[in-house]
Number of protein chains: 2
Amino acid sequence: MTFTTHTTSPARAAAAPIAPVAPSHAALRPLGLDEVTIRGGFWGERQRVNGTATLSHIAGWLEREGWIANFDLAASGALPEGRRGREFSDSEVYKYLEAVAWEIGRLSAADDAADAGAIAELEAQFRSVVDRVAAAQETDGYLNTRFGRPGQEPRWKNLEWGHELYCLGHLFQAAVARVRTRPDADDGLIDIARRAADLVCEVFGDDGIQSMCGHAEIELGLVELSRVTGDERYLRQAQLFVERHGTGVLPDIEFGRSYYQDDLPVREADVLRGHAVRANYLAAGAVDLAVETGDTELLGALERQWTNTVARRTYVTGGQGSHHQDEAFGDDFELPSDRAYSETCAGVASIMFSWRMLLAEGESRYADLIERTLFNVVATSPSAEGTSFYYANTLHQRRPAEHASADEVSPRASSSLRAPWFEVSCCPPNVARTFASLAAYVATADAGGVQLHQYAPASIRTTLDGGTEIALEVETAYPAEGSVGVQVLTDAAEPWTLSLRVPAWAAGASLVVRDAAGAEVPEASASLEPGYARVTRAFAAGERVELELPVAPRFTSPDPRIDAVRGCLVVERGPEVFALESVDLAEAGITATDVADILLDATVPPREADGHVLVAVRGRHPEIGPWPYGDEVDAAPAEASVHEVALVPYHEWAQRGPSTMRVWLPA
Amino acid sequence: MTFTTHTTSPARAAAAPIAPVAPSHAALRPLGLDEVTIRGGFWGERQRVNGTATLSHIAGWLEREGWIANFDLAASGALPEGRRGREFSDSEVYKYLEAVAWEIGRLSAADDAADAGAIAELEAQFRSVVDRVAAAQETDGYLNTRFGRPGQEPRWKNLEWGHELYCLGHLFQAAVARVRTRPDADDGLIDIARRAADLVCEVFGDDGIQSMCGHAEIELGLVELSRVTGDERYLRQAQLFVERHGTGVLPDIEFGRSYYQDDLPVREADVLRGHAVRANYLAAGAVDLAVETGDTELLGALERQWTNTVARRTYVTGGQGSHHQDEAFGDDFELPSDRAYSETCAGVASIMFSWRMLLAEGESRYADLIERTLFNVVATSPSAEGTSFYYANTLHQRRPAEHASADEVSPRASSSLRAPWFEVSCCPPNVARTFASLAAYVATADAGGVQLHQYAPASIRTTLDGGTEIALEVETAYPAEGSVGVQVLTDAAEPWTLSLRVPAWAAGASLVVRDAAGAEVPEASASLEPGYARVTRAFAAGERVELELPVAPRFTSPDPRIDAVRGCLVVERGPEVFALESVDLAEAGITATDVADILLDATVPPREADGHVLVAVRGRHPEIGPWPYGDEVDAAPAEASVHEVALVPYHEWAQRGPSTMRVWLPA
């Protein structure tokens with residue numbers, strides 16, 4: 001391919017949205033934190049907990065485990081002896097900085113005087129950590145506490161496992177978040193990032209080391225850095241890294257080169273494979289590259305990979321990755337519930353990929369997957385208190401898991417209830433940065449109007465390219481209820497289009513437009529096929545668009561090629577997947593105590609009562625024979641009596657202590 | 001518990017059978033290689049290939065990879081620089097020595113002059129390797145090429161991962177095999193083993209390091225060493241190691257302490273858990289300990305664990321271990337076909353555990369599992385040529401695997417076709433030692449007679465405790481055919497009992513006793529319930545017992561708790577599990593090219609024709625939709641036309657090149 005340049009002028013960068021992704025060219029322009037404010041509701045509560053509990057929880061553990069102190073040791077020349085944490089622990093500090101940067105931006109945009117103290121505190125904390133990071137940077141720009149000093153492994157020699165460039169990618173994302181939320185800040189993080197990026201371009205450029213990092217991430221960090229700085233060298237370097245994938249520059253390893261996507265060139269692959277976080281980060285960076293360079297072939301390859309990955313390698317929760325061993329995608333339709341790895345960070349990474357595709361192409365399917373993954377993976381990881389996390393997200397818990405110690409690092413990713421911290425603790429800051437920047441995923445604009453992709457009570461203010469000023473208030477109790485009201489607060493001289501996403505599951509959705517007096521406007525019809533319901537109108541202040549999404553609980557079947565859940569159904573309600581937990585069995589009067597001993601009565605549709613989703617089940621009391629195979633293995637017919645049992649939204653599971661749980665129910 | 005001693009006198013040891021396990025006290029006495037000779041048939045062919053191809057293949061790779069040369073380097077003081085291989089590579093050399101010792105014993109017992117050259121060659125090779133091992137032993141008895149020298153990790157400090165004691169366990173098993181097959185040999189291997197064992201007793205004894213090895217194996221090695229030497233210290237040391245399991249002497253690790261069975265005391269556990277090879281080796285050693293010390297409580301715990309493991313955590317092939325990540329057992333009924341790890345060595349280890357239980361208790365269920373595991377795990381690992389191996393044994397291949405290079409070490413355990421050698425290459429020598437000693441698993445004796453547990457054409461000669469001499473010739477084409485004829489060659493003055501195992505699957509088996517003239521003996525009835533068909537008679541030479549096992553192909557259903565195979569059937573025939581390979585679809589006139597697109601017609605029983613097992617299937621051509629869940633996911637009804645397709649015995653799969661394969665067929 002030809003390297004096509006597109007000038008990213010500083011002026012343009014300054015006008016970029018306060019959002020995690022700001023493409024120079026895209027179908028849709030993201031509305032940033034200054035344009036969208038989430039006000040309460042499902043996601044507002046998560047943002048509140050994130051800001052008031054999770055960020056300080058993370059800061060505490062980063063200090064306690066010495067991962068910030070590693071930078072102090074580097075600065076004082078005390079490494080390598082005192083260094084603590086895994087080879088990639090620097091990256092958790094950077095993800096934390098990114099989360100704090102977004103949180104400062106979020107609170108500042110909300111314009112609530114009560115937040116002033118919190119903002120000041122976060123600012124002080126942010127600057128303090130940046131100072132400690134800055135002190136560790138070497139004169140040539142190198143920045144990593146794990147490599148390059150006497151007694152440490154040399155720089156850039158262990159690219160397959162060392163994560164040096166991966167860490168820098170997260171540094172760049174943090175610096176970009178800071179520039180976008182505080183363009184006038186003098187903390188210097190952007191300079192740290194630029195010095196490191198300059199070194200990377202020197203060392204790994206056209207004439208440099210012809211290799212890449214085993215864990216993708218720097219690719220998207222470099223593109224974003226080029227967007228905020230206008231420096232085309234970073235874009236070129238991102239391109240080199242993306243294009244080196246699949247050329248066998250890294251060694252063959254136990255898991256195969258697919259583990260780090262070095263098995264096939266990005267533009268030749270048909271589906272994501274290998275380590276699920278790496279695969280999605282790489283795809284996200286490659287979309288960034290494709291849109292900046294106008295590389296439609298590359299974008300087409302990524303669309304194809306997204307399509308096939310969603311059709312064949314994604315759990316009903318949106319979770320990705322069915323292998324514990326290498327945290328990797330399995331083969332097509334290899335989606336075991338009980339061995340679902342569905343890493344929280346793979347969910348975050350999948351949203352990053354999908355969001356970039358949505359901006360590039362404007363298709364609702366990308367927002368559909370983002371919604372599914374937000375509700376059923378990202379929201380599942382943290383506890384209600386925001387201080388313990390699932391690293392992996394199984395869809396079937398066969399044995400009640402133990403409580404994790406609230407005061408210890410969990411050595412294991414998936415054998416306890418939510419844990420406060422992990423040896424590999426990427427999920428807490430990854431969840432935190434996603435929640436802090438979540439408003440930026442709610443809505444976009446294009447020349448013709450505004451698109452709503454995610455539903456939450458929110459205030460939206462933006463100006464279209466043509467000058468039309470738009471202010472909207474979104475009122476909804478979604479997903480508890482399916483009504484979404486969009487109150488228009490501004491008068492428009494020209495018609496513009498309000499687009500509301502109709503999720504693929506929302507057959508039977510309906511839409512009404514009301515004038516300022518509350519009367520239905522009959523001519524403002526909108527197609528309610530899945531996709532976007534579009535209302536084009538010279539909206540007047542006081543007018544209102546009301547979308548009704550059918551959120552009654554429903555049964556969903558699996559594709560018959562998914563062997564693991566053959567003969568089972570799952571209950572969904574709106575965007576939420578539901579689960580049966582053993583702690584609910586006794587209350588329903590069921591004598592079986594384990595979800596293994598429950599059969600769903602699929603002839604009775606799921607129903608809702610008193611805020612609970614109920615299904616009809618029958619218990620069984622099978623004996624366990626000497627050998628579980630034969631012509632007469634004890635199938636213990638289900639009891640005659642049918643009981644209604646309450647399900648819980650999957651993201652709420654295991655909040656009441658140890659239980660067995662299953663998402664897919666044998667029918 | 002009290003430590004109960006049972007004198008194991010040298011005289012008794014000398015009279016012990018030439019077999020891998022020689023308990024002082026047991027329900028059944030194994031008949032050794034001098035008492036049972038397999039003559040051709042299914043297992044005779046495997047023994048032939050093992051002796052003529054596999055052993056030299058292993059020797060070649062051990063040299064090529066430097067794993068024997070590590071001992072030379074140790075002797076010349078050149079370690080650690082030149083050392084090659086993983087921390088446990090010494091153990092592969094010892095397993096190889098054990099295999100050669102059994103092969104020498106096997107060929108010597110067969111009493112075929114044509115074997116003289118082969119025996120001499122094996123003897124020379126054996127002694128040469130023993131000399132190189134001997135030179136590496138340190139003056140205090142320590143023997144390991146990976147630890148303890150300047151520049152290496154210190155001795156006994158990395159017990160959880162170092163495998164030092166594990167390696168010695170295999171050394172002891174090799175030395176025991178040598179003493180049993182060549183009690184007068186002067187190669188010195190037994191002295192090497194004793195010096196090492198003495199050091200272990202000193203270092204890890206009652207007053208020594210209160211810990212154990214992360215990989216069980218030395219326990220059974222020490223008991224067996226005490227059996228051939230009569231030295232009770234080794235038995236005591238084995239007891240200390242067994243009893244230390246479950247007391248938390250090893251650190252908690254990512255996989256949990258269950259990984260190395262340090263989560264629960266052996267006598268308190270209800271089921272095997274953690275690493276499947278470790279779990280079975282430990283259980284085998286614990287049975288050895290229990291029978292030598294008369295510890296019925298411990299034996300009872302092991303019986304309970306065996307029962308629950310077989311009822312809940314074993315694949316239909318007999319394979320064990322459903323986790324790739326930690327090579328471990330999963331939870332009860334967590335038995336995914338496509339992620340079956342079913343490590344070859346776990347199959348070997350399971351046979352070791354079951355065989356010891358069979359000797360201790362005499363119940364046919366143990367021999368049933370041994371047979372199933374031999375045919376469907378151990379026989380599956382090697383290629384027909386005996387020079388490439390499966391490390392893991394999946395029950396469902398979703399993508400055609402690549403050919404493994406015949407000339408390279410495979411870094412991966414399970415993503416290619418059979419490979420010649422692995423970075424962790426325990427399966428080739430483990431299969432080799434099992435095949436070389438296989439005759440010792442065929443039959444046993446007790447005071448009242450002889451028991452046949454496995455069916456193969458074989459010559460059996462033994463003398464009962466009361467002095468009755470017995471010679472039998474077993475004639476059978478099993479498992480191709482179900483007829484087993486036992487020709488009696490000796491006259492007995494007193495009645496004795498011939499017991500023939502009736503496998504649990506063999507409903508409808510029948511038995512006939514014929515006198516020397518071939519006439520049916522009506523009074524010699526035998527119960528043909530699963531278990532042992534017993535014929536008690538003062539047998540005369542020329543009499544014959546004929547067992548007919550029904551080996552027609554049959555459908556088998558899974559326990560409904562095994563989610564992974566809900567709605568599927570498997571075809572079995574006799575002890576063999578069958579599989580559908582995609583390479584057989586085209587020949588059957590089926591347009592589908594992948595086993596994913598096949599539905600079994602369960603109304604048509606499987607049948608046999610021209611030596612093939614055939615089932616009726618219908619093809620499907622499902623499209624892949626955008627999202628594999630919904631109320632109308634494309635289930636693509638099967639085509640109307642039914643085709644008969646040939647299955648292959650699972651152990652033969654992937655001998656014809658890459659294919660997709662499934663054992664469980666959706667009905």
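Worth saying up front: this structure is predicted, and the values here are computed from it rather than measured. Residue numbers start from 1 in every chain, and the chains themselves are labelled A, B, ... in the order their sequence lines are given, proteins ahead of strands.
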### Task
Answer yes when A/Arg561 and B/Asp594 have at least one side-chain N-carboxylate O distance shorter than 4.0 Å, and no when they do not.
no
### Region of B/Arg662 that comes under 4.5 Å of a non-hydrogen atom in chain A
side chain
### Task
Kindly indicate whether the side chain of B/Pro560, heavy atoms from C-beta on, has any atom under 4.5 Å from the side chain of A/Arg620.
yes
### Query
Relative to chain A, which of B/Thr556, B/Asn308, B/Val565 shows the most heavy atom pairs under 4.5 Å?
B/Thr556
### Query
What part of B/Trp505 is in contact with chain A, defined as an atom under 4.5 angstrom from a non-hydrogen atom: side chain, backbone, both or neither?
neither
### Under 4.5 Å from any heavy atom of chain B - which part of A/Thr314
both
## Note on the structure
Closest non-hydrogen atoms of A/Pro628 and B/Val310, given as atom of the first, atom of the second and distance, are CD-O, 3.4 Å
## Note on the structure
The interface call for A/Ile624 against chain B, heavy-atom contacts under 4.5 Å, is both
### Query
Using the ring of each side chain (for Trp, its six-membered ring), is A/His323 parallel, tilted or perpendicular to B/His324, with breaks at 30° and 60°?
parallel
### Task
Show your working on side chain to side chain contact (heavy atoms under 4.5 Å, CB included) between B/Asp631 and A/Phe555 and close with a plain yes or no.
CA-CA 7 Å; B/Asp631 52 1; A/Phe555 282 138; over 6 Å; no
### Query
Looking at A/Pro622, A/Gly625, A/Ala564, A/Ala596, which has the largest count of heavy-atom pairs under 4.5 Å with chain B?
A/Pro622
### Query
Which one of A/Ser557, A/Ala507, A/Cys568 has the most heavy-atom pairs closer than 4.5 Å to chain B?
A/Ser557
### Query
For chain A, which residues of residues 363-373 of chain B have at least one non-hydrogen atom nearer than 4.5 Å to it?
B/Leu369, B/Arg372
### Query
Atom OH in B/Tyr629, atom CG in A/Leu335: separation rounded to 0.5 Å?
4.5 Å
### Query
Are any of the side-chain heavy atoms of B/Gln325 and A/Arg339 separated by less than 4.5 Å?
yes
### Task
Return yes when atom CZ of A/Arg304 has more than 12 non-hydrogen atoms of other residues, nucleotides or ligands closer than 6.0 Å, and no otherwise.
yes
### Task
Please name the residue in the list A/Asp332, A/Asp331, A/Asp563 that meets the salt bridge (charged side-chain N to carboxylate O under 4.0 Å, His left out) test with B/Arg398.
A/Asp563
### Verdict with supporting geometry, A/Phe333 and B/Asp338, side chain to side chain contact (heavy atoms under 4.5 Å, CB included)
CA-CA 10 Å; A/Phe333 303 110; B/Asp338 49 9; over 6 Å; no
### Summary
Assert top hit (heavy-atom pairs under 4.5 Å, partner chain A, pool B/Ala504, B/Pro626, B/Gly330) equals B/Pro626
